[in-house]
Peer 1: 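I'd like to ask some things about the structure below.
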Amino acid sequence: MEKIEEEAVDQLLGKTVENKQIIFKGYIEGIPKESDMELKIGKKLNLEKVPKGSNGLLVKNLYLSCDPFMRGRMRNFTGSYIPPFVPGEVMEGFGVSKVLDSDNPDFKPGDIISGFTGWEEYSLIYNTEQLRKTQADDMPLSYHVGLLGMPGFTAYAGFYEVCTPKRGDYVFVSAASGAVGQLVGQLAKLHGCYVIGCAGTKQKVDILKSKLGFDGAFNYKEEADLDKALKRHFPEGIDIYFDNVGGSILDAALLNMRIHGRIAICGMVSQQSLSNPQGIHNLFQLITKRVKMQGFLQSDYLHLFPQFLEDVTSLYKQGKITYLEDMNKGLESGPSAFVGLFSGRNMGKQVIRVAHH
């Protein structure tokens, strides 16, 4: 779908450019605000060469991913699996980039890569261990931070490895129209499961049923009693709950789990903005129903990534799965797009297009 013009790299090399950047202003409490970030013009960048002996890459960023885990990096907290952002420095996240120059034998100018990069127009990347070259598979490049990137792989590894599904299982997915949830639900349907999702708007609920093939869906904001809502949709109980939100929805799901049910804990986005997160009251259900509840990181399962790429690319090309993407244009739209994640403003995977390649 997208062709990369090799000569464009040569046209950029040797130029000195201004480099727009999104700067993290300082540690926060509560939900992120646009004013917590600032668009600046960084010092002029010479696109001539990467420092010799650095093993690094000079890249032009094409697409950036807005992900809820980035909220955790805005706190002054070092006890997580990834360190906090540095106040006054460029934010970073997953992106798709074009290599302009390379001091690394594994990458050459013109390569399209995905992995961690700066929230800026051009980046020097020295930590190259987890960068991946994208495949020439006629898939949209932006999908490499969504369907074929960290969110897609989170859904794949979480569903198959953590949830250990069986045909006929009753599956509940929260934040079901989001970057991860939409794929979990479709994989579950393809596996022969009965799938219900919840989301926060009527439009999202309609899309879950009409476009993504869920058996049913509900707007959690319209339910006075989440326990009753789940009993209405799952009169026989839930075998698998793929939890993207935590909080009151997790508490209600615990009351409705079947014996030997499985809960995959992924994200807990409702709690990520709270310095004093709410407790869970119904954990006793884990004992009486012998439920397995497991948190996970997609990075625990990277050995499965090649199989994931092959499987999900094939399913997409066969028309067996759909992927919803919410694209914002321009680096300057980044702060607004990121903040919108926490009010459910996005419809599907939130991506920022920084540049045409």
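The figures that follow rest on heavy atoms only: side chains count, while hydrogens, waters and symmetry mates do not.
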Peer 1: Spell out, as yes or no, whether a donor-acceptor pair under 3.5 Å connects the side chain of Lys292 to the backbone of Ile263.
Peer 2: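 No, the answer is negative, given that no donor and acceptor are paired below the 3.5 Å cut-off.
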Peer 1: Would you say the rings of Phe338 and Phe342 are close, in the sense that their centroids are separated by under 6.0 Å?
Peer 2: yes
Peer 1: Are the side chains of Ser336 and Arg345 in contact, using a 4.5 Å heavy-atom criterion?
Peer 2: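 When only atoms from C-beta onward are counted, Ser336 and Arg345 do touch, with a gap below 4.5 Å.
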Peer 1: Are the side chain of Lys108 and the backbone N or O of Val99 linked by a donor-acceptor pair below 3.5 Å?
Peer 2: no
Peer 1: Provide the closest heavy-atom pair for Asp67 versus Pro151 in the form atom of the first, atom of the second, distance.
Peer 2: OD1-CG, 4.0 Å
Peer 1: What do the steps show when you test Thr201 against Asn219 for side-chain hydrogen bond (donor to acceptor under 3.5 Å, both in side chains), and what is the final call?
Peer 2: CA-CA 6 Å; Thr201 69; Asn219 182 346; over 6 Å; no
Peer 1: For Leu57 and Val50, which heavy atoms make the closest approach, and how far apart are they?
Peer 2: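 Where Leu57 meets Val50 most closely, the heavy atoms are C-CG2, 3.8 Å.
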Peer 1: Between Tyr63 and Val354, is a side chain to side chain contact (heavy atoms under 4.5 Å, CB included) present by the stated rule, with each step listed?
Peer 2: CA-CA 5 Å; Tyr63 297 97; Val354 180; over 6 Å; no
Peer 1: Tell me whether the NZ or CZ atom of Arg262 lies within the 45° cone about the ring axis of Phe242 and under 6.0 Å from its centre.
Peer 2: no
Peer 1: Do you reckon Val173 sits in the same ILVMFWY cluster as Leu190, going by side-chain contacts under 4.5 Å, direct or chained?
Peer 2: yes
Peer 1: Would you compute the distance between atom CD1 of Ile240 and atom CZ of Arg258 and round it to the nearest 0.5 angstrom?
Peer 2: 11.0 Å
Peer 1: Would you please indicate yes or no on a ring centroid separation below 6.0 angstrom for Phe116 and Phe94?
Peer 2: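 They qualify: ring centres under 6.0 Å apart.
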Peer 1: Under 4.5 Å between side-chain heavy atoms, hopping through other hydrophobics if needed: is there a path connecting Val351 to Met37?
Peer 2: yes
Peer 1: Please check if atom CD in Gln318 has more than 12 non-hydrogen atoms from other residues, nucleotides or ligands closer than 6.0 Å.
Peer 2: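 For Gln318, atom CD is crowded (more than 12 foreign heavy atoms under 6.0 Å).
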Peer 1: So, Asp326 side chain and Met347 main chain: donor-acceptor pair closer than 3.5 Å or not?
Peer 2: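 Pair found, side chain donor or acceptor close to backbone of Met347.
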Peer 1: Keeping Thr313 on the side-chain end and Glu310 on the backbone end, is there a donor-acceptor pair under 3.5 Å?
Peer 2: no
Peer 1: Test of understanding: clusters of I, L, V, M, F, W, Y form through side-chain heavy atoms closer than 4.5 Å, transitively. Do Val205 and Phe234 belong to the same one?
Peer 2: no
Peer 1: Would you indicate whether the side-chain heavy atoms of Tyr170 and Cys193 approach each other to under 4.5 Å?
Peer 2: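 Side-chain contact under 4.5 Å: no.
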Peer 1: Indicate the atoms forming the closest heavy-atom contact of Val245 with Tyr241, along with that distance.
Peer 2: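 Minimum heavy-atom separation between Val245 and Tyr241: CG2-OH, 4.0 Å.
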Peer 1: Determine the minimum heavy-atom distance between Ile28 and Arg75, stating which atoms define it.
Peer 2: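 Closest heavy-atom pair between Ile28 and Arg75: O-CG, 4.2 Å.
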Peer 1: Keeping the roles fixed (side chain from Gln182, backbone from Leu324), state whether a donor-acceptor pair exists under 3.5 Å.
Peer 2: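 Such a contact is found between Gln182 side chain and Leu324 backbone.
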Peer 1: Are the side chain of Lys60 and the backbone of Tyr122 linked by a donor-acceptor contact shorter than 3.5 Å?
Peer 2: no
Peer 1: Would you say that Tyr156 contacts Val312 through its side chain, given a criterion of any heavy-atom pair below 4.5 Å between the two side chains?
Peer 2: yes
Peer 1: So, do Glu325 and Tyr143 sit near enough that their side-chain heavy atoms are less than 4.5 Å apart?
Peer 2: yes
Peer 1: Side-chain heavy atoms under 4.5 Å apart, restricted to Ile/Leu/Val/Met/Phe/Trp/Tyr: what other residues fall into the cluster of Phe284, or is it alone?
Peer 2: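 Grouped by the 4.5 Å side-chain rule, Ile287 form the rest of the cluster around Phe284.
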Peer 1: Decide, yes or no, whether a salt bridge links Lys25 with Asp36 under the criterion of side-chain N to carboxylate O below 4.0 Å.
Peer 2: no
Peer 1: Would you say that Gln298 contacts Phe305 through its side chain, given a criterion of any heavy-atom pair below 4.5 Å between the two side chains?
Peer 2: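 Not touching, per the 4.5 Å side-chain cut-off.
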Peer 1: Supply the atom-to-atom distance Lys211 NZ to Asp206 CG, rounded to the nearest 0.5 angstrom.
Peer 2: 11.0 Å
Peer 1: Do NZ/NE/NH1/NH2 and the carboxylate oxygens of Lys202 and Glu222 come within less than 4.0 Å?
Peer 2: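 No, no charged N to carboxylate O under 4.0 Å.
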Peer 1: Return the CG to CG distance between Leu230 and Asn256, rounded to the nearest 0.5 Å.
Peer 2: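 Here the interatomic distance stands at 5.0 Å.
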Peer 1: Looking only at non-hydrogen atoms, find the nearest pair between Ser177 and Lys204 and report the distance.
Peer 2: OG-CD, 3.3 Å
Peer 1: Heavy-atom distance under 4.5 Å between the side chains of Glu92 and Arg73, does that happen here?
Peer 2: yes
Peer 1: Just to verify, what does Asn346 make a side-chain hydrogen bond (donor to acceptor under 3.5 Å, both in side chains) with, not counting sequence neighbours?
Peer 2: none
Peer 1: How about Tyr316 and Tyr323: are their ring centres within less than 6.0 Å of each other?
Peer 2: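 No, ring centres 6.0 Å or more apart.
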Peer 1: Do Asn104 side-chain atoms and Asp106 backbone N/O form a donor-acceptor pair below 3.5 Å?
Peer 2: yes
Peer 1: Enter the distance from His260:NE2 to Asp239:CG here, rounded to the nearest 0.5 Å.
Peer 2: 11.0 Å
Peer 1: Begin with the C-alpha distance, continue with both residues' side-chain angles, and end with the deciding distance and a verdict on side chain to side chain contact (heavy atoms under 4.5 Å, CB included) for Asp101 and Val59.
Peer 2: CA-CA 7 Å; Asp101 191 46; Val59 303; over 6 Å; no
Peer 1: Please evaluate residues Lys349 and Ser65 with respect to the criterion side-chain hydrogen bond (donor to acceptor under 3.5 Å, both in side chains), reporting the C-alpha separation (whole Å), side-chain torsions for both, the decisive distance (0.1 Å), and the verdict.
Peer 2: CA-CA 8 Å; Lys349 170 62 190 163; Ser65 176; 2.5 Å; yes
Peer 1: Is Val90 reachable from Val86 through a run of hydrophobic residues whose side-chain heavy atoms are each under 4.5 Å from the next?
Peer 2: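 Shared cluster, no.
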Peer 1: Checking side chain to side chain contact (heavy atoms under 4.5 Å, CB included) for the pair Leu226/Asp251: CA distance, chi angles, key distance, verdict?
Peer 2: CA-CA 9 Å; Leu226 290 169; Asp251 236 354; over 6 Å; no
Peer 1: Going only through I, L, V, M, F, W and Y residues with side-chain contacts under 4.5 Å, is there a path from Leu255 to Val171?
Peer 2: no
Peer 1: Can you tell me how far apart CD (Gln130) and CD1 (Ile113) are? Round to the nearest 0.5 Å.
Peer 2: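 With rounding to 0.5 Å, CD (Gln130) is 13.0 Å from CD1 (Ile113).
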Peer 1: With rounding to the nearest 0.5 angstrom, report the CG to CD distance, Leu131 to Glu129.
Peer 2: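 Rounded to the nearest 0.5 Å, the CG-CD separation comes out at 9.5 Å.
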Peer 1: With the threshold set at 4.0 Å, does a side-chain nitrogen-carboxylate oxygen contact exist between Lys189 and Asp215?
Peer 2: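 Counted as a salt bridge, because a side-chain N and a carboxylate O are separated by less than 4.0 Å.
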Peer 1: Strictly distance-based, threshold 3.5 Å: is any side-chain N or O of Ser54 a donor or acceptor partner for the main-chain N or O of Gly56?
Peer 2: yes
Peer 1: Show your working on salt bridge (Lys or Arg N to Asp or Glu O under 4.0 Å) between Lys40 and Glu18 and close with a plain yes or no.
Peer 2: CA-CA 10 Å; Lys40 280 190 173 180; Glu18 291 183 332; over 6 Å; no
Peer 1: Heavy-atom distance under 4.5 Å between the side chains of Ile41 and Lys20, does that happen here?
Peer 2: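 Yes - at least one pair of side-chain heavy atoms lies under 4.5 Å apart.
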Peer 1: Start with the C-alpha distance between Arg290 and Gln285, add both sets of side-chain angles, then the distance that settles side chain to side chain contact (heavy atoms under 4.5 Å, CB included), and finish with yes or no.
Peer 2: CA-CA 8 Å; Arg290 286 82 87 197; Gln285 299 291 319; over 6 Å; no
Peer 1: So does Lys320 have more than 12 non-hydrogen atoms from other groups sitting under 6.0 Å from NZ?
Peer 2: no
Peer 1: Going by distance alone, is a donor N or O of one side chain under 3.5 Å from an acceptor N or O of the other, for Asn61 and Glu121?
Peer 2: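 No, Glu121 and Asn61 have no side-chain donor paired with an acceptor closer than 3.5 Å.
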Peer 1: Donor-acceptor pair, Ser102 side chain versus Phe107 backbone, under 3.5 Å?
Peer 2: yes
Peer 1: Is there a side-chain contact between Leu62 and Ser97, using heavy atoms and a 4.5 Å cut-off?
Peer 2: no
Peer 1: Compare every heavy atom of Phe214 with every heavy atom of Gly197, then report the nearest pair and how far apart it is.
Peer 2: N-CD2, 3.5 Å
Peer 1: Is there a donor-acceptor pair under 3.5 Å between the side chain of Ser174 and the backbone N or O of Asn244?
Peer 2: yes
